[in-house]
*Asks:* 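Next up is a structure, given as structure tokens.
Every chain is numbered from 1, with letters handed out A, B, ... down the list of sequences.
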Amino acid sequence: MPVPNSYIGQIFSQLADLLEIEGANQFRVRAYRNAAQIVSQWPRSLAEIIARGDELPKIAGLGKDLSGKVTEIATTGNCSLLQEIEKRIPGQLSTLLKIPGLGPKRVLLLRDCLRIENLRDLKRAAQEGKIRELPGLGPKIERVILRELRKPQVELPGSGEAPEKRRMPRQTAEQIIHPLLHWLENVLDVKRLIVAGSYRRGQETVGDLDLLATCDSPLSAADSIMERFIQYEEVASVLARGRTKTSVWLRSGIQVDLRVIPEESYGAALHYFTGSKSHNIAVRALGVKKGLKINEYGVYRGSRRIAGSTEEQVYRAVGLPYIEPELREQKGEIEAAFEDHLPSLVTLQDIRGDLHAHTLATDGRATIEELAEAALRKGYQYLSITDHTRHLTVAKGLDPGRLLEQIRKIDQINEKLGDLRVLKSSEVDILENGSLDLPDEILRELDITVCSVHYKFNLSREKQTERIIRAMDNPYFNILAHATGRLIGRRPPYEIDMERLMLAARERHCFFELNSQPDRLDLNEHHCRLAKELGVKVAISTDAHHVSELEFMRYGVTQARRGWLEPENILNTRSWPELQRLLFSKRSYSPLSRDHPQNSRDSLRKHMQSGRHRVPNSDS
DNA sequence: GCCGTTTTCGGCCCGACTGTTTTCAGTCG
């Protein structure tokens, strides 16, 4: 089993922490931290590439030395540099960095003066009042340490593991942010109020919220908005209170930072507080090369401010076109901007229909008509009704007979609807042996199929991948739904070889779904980029179980944008005739298809007449 | 340790806030 990229990333992150504590060159530390992020998020398994004997791809940020360490970790599971450093300082020292207020200097001080090597030692020293006696530290930091160590996620047995910072789905964050924005609106002299940070970049989960307010210079409204902010009833504690920046902790467990900036600095501030940090560093470095200084107040040549009221101005100052927030992760967007190869990202307006929705017939809470009317109101051209199949008994999955009834009903609805076409479809279970949960005779009656894994998540990577590829061999398999099965924060993805699956899908004219449910967002952004690179088209679908969930499309579109996807890469940006042509390429590809002359069109009738199902009234 | 729109060495983003100080180091984003 090759080591996952995340494991290599963790070692780099650990190296960065320990080197920083040792007082190593800060740029060397940054290189390791940067590499940790790059490697963890790299869409393909680096260990597999090495195991195959292939060359590692050229990755910006991984030079000769770090590439060598990737190879070492991938082949041996260990890193000699880490072992060497751990002879000098204990590895667990890095866990102390997770305590707010403790950075490398103080951690080293704690070790040198009090022999503190882990969280347990730290707790004992704090309880005995020894921390406050150290130079530069005092009773306040001691209280913070004890408070943090009382939190269950920090106090870990053996104190060896880093605590996970809590992150929430965007939908949850929206429920927190909207009332807060409402509370802050209408403060006199506040011109604009906007959520920046990772939320604006469209990250799938939100760890903290960055609010930006502008007012006329010189910060006429700063005091009143800060005061209003800390009076918000959901504020549990005020972490920092300054003239231009205030941070609070909300009862919901999320940190919110509010920055107040002069209106003229809006663009520079929005750019700065949108991040990401590494993107900002790269943009500022470009500025430095041009003799410019870029901060949240503007772009400066010497002491003269030359730009900053819009983000476009900031980018123009360093010779770049505007870069969309979702791309600002320092993952090639600046290089693409230089080469004029930035993607024209898909937007909500590009979407022509939804290809995954459930009704009352199974586990949905809406009728076909209700969903269809809502889709029509959204201006869609088509909507797929994709109820579950019989294997998913907990969702009252449809057997062939009930599905045929639904097909007839959809035909009747389509006669009445006019501009919207309801597609006859199904979310077909992929069984353990890779077969589909409906006979081909039924599947061929559908306009489109969405196929998914709902059980046996714990198969080996090899078996799970084989299972899905076998399913794709079926001539009626169109879209692989929620490919990894993850539920954000609740269930990890099951093991699959995503690249192999995508290559198999391409060969078989199949597609991948980007499921827009806010706790799924499955594919993730890296999978989206991989799909684009491999030429596999993606359907952005809501998997709606209620009319209101058709609105989840926006989460899917945001995720797709983070994955650099353009309208061309998306299945449901196409009109129904265009989509039909793409689907037809699958059936005409397959030797088992009814569209091949040797396959009789009336085999459905034969199947139904075998006695297991009622025969439909007519060929639908 | 990385990298080249000053290219193989020399530079690498920038400011706010806190706590412990009495002018600033450390931390954070």
*Asks:* Looking only at atom C1', what distance separates B:dG26 and B:dT21, rounded to whole Å?
*Replies:* 13 Å
*Asks:* Does the distance from a Lys or Arg side-chain N to an Asp or Glu carboxylate O, for A:Glu333 and A:Arg328, drop under 4.0 Å?
*Replies:* no
*Asks:* Rounded to whole angstrom, note down the P distance from B:dG15 over to B:dG10.
*Replies:* 26 Å
*Asks:* Would a distance-only check, ignoring hydrogens and angles, find a side-chain to backbone donor-acceptor pair under 3.5 Å from A:Gln92 to A:Asn118?
*Replies:*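 Side chain of A:Gln92 to backbone of A:Asn118, a donor-acceptor pair under 3.5 Å: no, none is there.
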*Asks:* Distance check, C1' atoms only: B:dC12 and B:dG19, in whole angstrom units.
*Replies:*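 Each nucleotide's C1' atom is 30 Å from the other's.
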*Asks:* Without decimals, in angstroms, what is the distance between A:Leu292 CG and B:dC14 P?
*Replies:* 10 Å
*Asks:* Once you apply a heavy-atom cut-off of 4.0 Å, does A:Ala282 come out as touching a base, just sugar-phosphate, or nothing?
*Replies:* nothing
*Asks:* Do side-chain atoms of A:Ser13 reach the backbone of A:Gly9 as a donor and acceptor pair under 3.5 angstrom?
*Replies:* no
*Asks:* Can you tell me how far C1' of B:dG4 sits from NZ of A:Lys289, to the nearest Å?
*Replies:* 6 Å
*Asks:* Counting any heavy atom closer than 4.0 Å, what does A:Leu66 reach on the DNA or RNA strands: base, sugar-phosphate only, or nothing?
*Replies:*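 Counting heavy atoms under 4.0 Å across all strands, the contact made by A:Leu66 is with sugar-phosphate only.
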*Asks:* With both distances kept under 3.5 Å, what pairs with B:dT8, Watson-Crick or G-U wobble?
*Replies:* none
*Asks:* Take atom NZ of A:Lys277 and atom C1' of B:dT27, then tell me their distance rounded to the nearest Å.
*Replies:* 10 Å
*Asks:* Tell me which one of A:Arg486, A:Arg561, A:Arg170 satisfies salt bridge (Lys or Arg N to Asp or Glu O under 4.0 Å) with A:Glu204.
*Replies:* A:Arg486
*Asks:* Does A:Asp340 CG have over 12 foreign heavy atoms under 6.0 Å away?
*Replies:* no
*Asks:* Measure CD1/A:Ile85 against P/B:dG1 and give the value in whole Å, please.
*Replies:* 9 Å
*Asks:* Sticking with atom C1', work out how far B:dT18 lies from B:dT23, rounded to a whole angstrom.
*Replies:*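 The same atom, C1', in both gives a distance of 14 Å.
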*Asks:* Roughly how many Å apart are B:dT20 and B:dA16, using the P atom of each and rounding to a whole number?
*Replies:* 22 Å
*Asks:* With the side chain of A:Gln255 defined as its heavy atoms from C-beta on, choose the nearest nucleotide among B:dG29, B:dC2, B:dC14.
*Replies:*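 The answer is B:dG29.
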*Asks:* Take atom CZ of A:Arg115 as the centre, draw a 6.0 Å sphere, and report whether it contains more than 12 heavy atoms from other residues, nucleotides or ligands.
*Replies:*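 No - once you tally the heavy atoms of other residues, nucleotides and ligands closer than 6.0 Å, there are 12 at most.
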*Asks:* DNA chain B: A:Asp65 or A:Glu339, which has the more 5' nearest nucleotide?
*Replies:* A:Asp65
*Asks:* Quickly work out the A:Ile11 CD1 to B:dG1 P distance and round it to whole Å.
*Replies:*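 Those two atoms, CD1 and P, are 16 Å apart.
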*Asks:* Which part of the nucleic acid, if any, lies within contact of A:Phe338, taking any heavy atom under 4.0 Å across all strands shown: a base, the sugar-phosphate backbone alone, or nothing?
*Replies:*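 Base: the residue A:Phe338, judged by heavy atoms under 4.0 Å, touches a nucleobase.
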*Asks:* For A:Gln231, does the CD atom have more than 12 heavy-atom neighbours from other residues, nucleotides or ligands under 6.0 Å away?
*Replies:* yes
*Asks:* Find which nucleotide of DNA chain B each of A:Leu62 and A:Asp210 is nearest to by heavy atoms, and output the residue with the more 5' nucleotide.
*Replies:*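 Going by which nucleotide is closer to the 5' end, it is A:Leu62.
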*Asks:* Rounding to the closest angstrom, what is the interatomic distance between B:dT8 and B:dC2 at atom C1'?
*Replies:* 12 Å
*Asks:* Specify the separation, in whole Å, of atom NZ of A:Lys105 and atom P of B:dC24.
*Replies:*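 Result: 17 Å.
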*Asks:* Base, backbone or nothing for each nucleotide of nucleotides 15-23 of chain B, written B, S, -, heavy atoms under 4.0 angstrom, 5' to 3'?
*Replies:* SSSSSS---
*Asks:* Roughly how many Å is it from NZ in A:Lys290 to P in B:dT6, rounded to a whole number?
*Replies:* 7 Å
*Asks:* Provide the full list of ring pair (Phe, Tyr, Trp, His ring centres under 6.0 Å) pairs with a residue in residues 226-248 of chain A, sequence neighbours left out, each pair given once.
*Replies:* A:Trp183-A:Tyr232
*Asks:* How far does the C1' atom of B:dG29 sit from the matching atom of B:dC13, given to the nearest Å?
*Replies:*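 12 Å, rounded to whole Å.
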*Asks:* Taking B:dG11 as the reference, what is the distance to B:dT6 when you measure between their C1' atoms (whole Å, please)?
*Replies:*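 Their C1' atoms lie roughly 11 Å apart.
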*Asks:* Need one value for A:Asn34: base, sugar-phosphate or nothing, where a base atom within 4.0 Å counts as base even if backbone is also close, heavy atoms only.
*Replies:* nothing
*Asks:* In whole angstrom, give the distance that lies between atom CZ of A:Phe273 and atom P of B:dC14.
*Replies:* 15 Å
*Asks:* Ignoring hydrogens and angles, state whether a donor on the side chain of A:Glu72 or A:Ser80 is under 3.5 Å from an acceptor on the partner side chain.
*Replies:*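 A:Glu72 vs A:Ser80: donor-acceptor pair found between side chains.
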